Structures are given as C-alpha cells and as structure tokens.
There are 2 protein chains.
Amino acid sequence: MIFTTKAEYGVRLLVDLGQAGGGDPVALKAIAERENLPLAYLERIVALLRKAGFVESTRGARGGYLLTRRPEDIRMDEVIAALDGPIAPMSCFIDDSATEAHKVVCSHHVDDETGPCGTKLLWTRVHGGVVRALQQTTLADLIAFERGGVVALGAGRRPAGDVLPVITA
Amino acid sequence: MIFTTKAEYGVRLLVDLGQAGGGDPVALKAIAERENLPLAYLERIVALLRKAGFVESTRGARGGYLLTRRPEDIRMDEVIAALDGPIAPMSCFIDDSATEAHKVVCSHHVDDETGPCGTKLLWTRVHGGVVRALQQTTLADLIAFERGGVVALGAGRRPAGDVLPVITA
DNA sequence: GAGCATTCCGACCGATCGGGTCGGCATAAC
DNA sequence: GTTATGCCGACCCGATCGGTCGGAATGCTC
C-alpha cells in the first residue's frame, strides 16, 4: 500500500470542503456523515491539514472548517506530504528534495566504496512517477472528477509531452 | 513505503545473478555475502522468483541459481509483482489490469449510487506513474547502472514524449 | 449564565504485517 | 557418507496502521 487511510480520508475531506463552496464553516460531523468516515479519526486527520495550512478552523457552536486556498491552488503532493509524510519507495530511500538528488542509503551496505545498488535507479524512477502524478493533480481536478466523471488534463503548468491518462468514472 | 524489502532484496539478487553472467549456477550463500543480505530470508525470496520463472535452480552441492531469460527481457513490473504482489495505492484500489479499468471500491462507501470518490482519479494517476516506471525499467538497465553509473534511457519500446530522468550514481 | 455544539488533544489499544530466524528434510556432487 | 546446497513450514517479534475514549477548551444561543 502506497498511502494510508489518513491520505484517503484527508483528501476526501478536502474534496467535501471544496464542494461546500466556502460560505459557512463546515462541521466535521457533517463531513463524517456524508463521507461515511469515523468522526474521531477525522479529527486527528483534519488537525494535520490545519497545521499544514490547508484549512482553518473556527471553534465553538456553529464552528467548523474552511479551505484557506482555492481548490486549483491545492496540489496533491503537498496534501499527501502533510498527511502521510514524505513518500519513499523504500525505507532506504531519502527524498532530499532540496538538492534534487535522492539519496539511497542501503541498509545492509555499509561500505559506500562500491557504487550504489542498482535498485537506486529503480526507486528513483518510481519515486519520480509518483511525485509527478501528485504534483499534476489539484484539488480542483478531484472535485471536477467527482462532479462530472471525466477530467480534462488540468490547468496547464504541466510540461509538454508528459501525459496523464484521462479517466472515466 | 511503496515496496517491501522482499522487492529490494529480490531485485538485488537478480542484478547479482545478471552480473555473474550465466555460466555456473550461483549459490545463494555467495549472493548473500556479496550483497550483505540475510541468507535465510533470501531463500524465501528466491523461491518467489523461481515460482515466477525468473530463475531456475539446481540442487545439491555446487548447485545454485541462474537467470532463465536475458536481463534485457526481464521487466521490473513483472519482478515486483512476483515479489510484492500487485501494487495498489490504497487498500480499496483493485488493479483490474485485464479490462484496463482500475476499480476503486470505497471501503466505507457502500452505496454505489453516488459516483466514485474523487480519490479514484488520484490513485489511478499515481498507480499509472508507478507502473510505467516499472515497465520501462529492465534488469539490464539496473545492471548497466550499477556498472557504469549513468544509464541511457533503455532499449526503445518506450512511448515517445514520455521521459524518465537520467540519474547519476 | 446555562447549556450545547464543536474543536482540540493526549492516552490507549488491538490487529495486522513486515522482516526475519530456526530446524529439518531432500538432493546431488565428490 | 559426508558435505554443500536448495527447499519448506513453523515460529517470532516489534512497528505501525487504524482507530477509540475521555476530557478540556471555546464560543454560539437562548
């Protein structure tokens, strides 16, 4: 399993919030019922989203949550990172995004003299595939998909020649 | 974590076998020492590779393992499937490759009337990214990478416009 | 200000599974 | 028959996932 239910539930929560439209705050209880998810668990998940700045909360009666940005500006790679932490193909894989070089520290390979294990190439390619898919998907895409069923390939910003599949409901 | 150590160790085992060149059978003990991996665990892993037809074994003294195909003909998506089983972004994701339609069965969503959750789009894209990266990488690529450090983008068969990153050791 | 709805937060907890070990048997070379 | 190797089932342990529970803080509403 690549992602945990935290990611799944968190994304669905955001989709639900996005569909609400941004008027009054939406109570978590309402989301839990609509999405059929355990409320107590959602509380912990939404806390992650709040700390990461995707939602803001108002407490007390009639309180709830609202998105802080427009859905088009919420990229899934950020969301998933907030919910599940950095995604790594393997435990030995370190996503050193700062330097754009992904480190692979072989757990059982102490002597660094001999070049890196061949798996580094594989994990790096896979990692790239996942990250690209996440970066190219925004919350707005998911909302449109849930509404319409078919999603055109998003709002530009995508490098030419890089194709994501069109999916039908 | 996307992959388990089974996948990691299994791939490294294949790389090691590929580098051996296919003369005499290679004993697992030798591989375990070279790659610095636990022998007992490797035994269980190589069994998966044997059942899947990637290696053949000869028993008894001076026995060991050999690749059954040329490294260029061993695609990583097949290998990983044999080692880790089908890769799924989420527990609710079913890789129905036969029909080319990936089913997403929301665990908490019993009523199928309302369209699929928006996460289906996301998981499908991610799944596609992973599968493509695996399909486009052969054992030969990994061997070349481990030897040379830089890998040109493989032996064709790759759709135009789809780019994998070049990685340096 | 009493009550209620809601967010917030830490503690706890069971099941599953990843990652391995162990012991023993089967088989074949020497 | 001894030794090296493949083969295989049983077991085991720690981590983590996927929650639950109880309660405190906060703020509308009447």
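Side chains included, hydrogens not; waters and symmetry mates left out as well; all remaining heavy atoms used. Per chain, numbering begins at 1; letters A, B, ... match sequence-line order. Just so it is clear, the model here is predicted, and its values are computed rather than measured.
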Would you mind reading off the distance between [X] atom [atom1] and [N] atom [atom2], rounded to a whole angstrom?
| X | N | atom1 | atom2 | answer |
| --- | --- | --- | --- | --- |
| A:L42 | C:dC9 | CG | C1' | 16 Å |
| B:N36 | C:dG19 | CG | P | 17 Å |
| A:M1 | D:dT16 | CE | C1' | 14 Å |
| A:L49 | C:dC9 | CG | P | 14 Å |
| B:L37 | C:dG20 | CG | C1' | 12 Å |
| B:E56 | C:dT27 | CD | P | 18 Å |
| B:Y65 | D:dT5 | OH | C1' | 8 Å |
| A:I45 | C:dC9 | CD1 | P | 16 Å |

message = Of the listed nucleotides (D:dG19, C:dC8, D:dG18), which one gets closest to any side-chain atom of A:Y9?
response =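 Minimum distance to the A:Y9 side chain belongs to D:dG19.
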*Which nucleotide sits closest to the side chain of B:T5: C:dC9, C:dG19, D:dG19?*
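Shortest atom-to-atom distance from the side chain points to C:dG19.
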What heavy-atom pair brings [X] and [Y] nearest, and what distance separates the two atoms?
| X | Y | result |
| --- | --- | --- |
| B:E8 | A:C92 | OE1-SG, 3.6 Å |
| A:L134 | B:V126 | CD2-CG2, 3.7 Å |
| B:Y9 | B:I45 | CB-CD1, 3.6 Å |
| B:T138 | B:M76 | C-CE, 4.1 Å |
| A:D141 | B:L121 | O-CD2, 3.9 Å |
| A:D84 | A:A7 | OD2-CB, 3.5 Å |

Give a yes or no on whether B:R62 atom CZ has more than 12 heavy-atom contacts from other residues, nucleotides or ligands under 6.0 Å away.
->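 Check fails, neighbour count at 12 or below.
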For A:R50 and for A:K29, find the nucleotide of DNA chain C with the closest heavy atom, then tell me which residue's nucleotide is more 5'.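 First, find each residue's nearest nucleotide; the 5'-ward one identifies A:K29.
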Check your understanding: Want to settle it: does A:A47 or A:G63 sit nearer the 5' end of DNA chain C, counting the closest nucleotide to each?
Key ->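 It is A:G63 whose nearest nucleotide is closer to the 5' end.
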Same apolar cluster: B:L48 and B:V46, side chain cutoff 4.5 Å |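 Result: yes, single cluster for both.
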Expected string for nucleotides 20-30 of chain D under the B/S/- scheme (protein heavy atoms, under 4.0 Å, primed atoms plus P, OP1, OP2 as sugar-phosphate) is B----BBBSS-
- Message: To the nearest 10°, give me the bend of the helix from C:dG1-D:dC30 to C:dC30-D:dG1, comparing the axes of its five terminal pairs at either end.
- Response: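 Rounded value for the end-axis angle: 10°.
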Residue met sooner reading DNA chain D from 5', once B:M90 and B:A27 are mapped to nucleotides: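 Per heavy-atom nearest nucleotide, the more 5' residue is B:A27.
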Report task. Take A:F3 and B:T58, find for each the nucleotide of DNA chain D with the closest heavy atom, and name the residue whose nucleotide sits nearer the 5' end. Result ->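 Its nearest nucleotide being more 5', the pick is B:T58.
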Quiz item: Would you call the rings of B:W123 and A:F3 parallel, tilted or perpendicular, where under 30° means parallel and over 60° means perpendicular?
Solution: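 Because their plane-to-plane angle is under 30°, the rings of B:W123 and A:F3 count as parallel.
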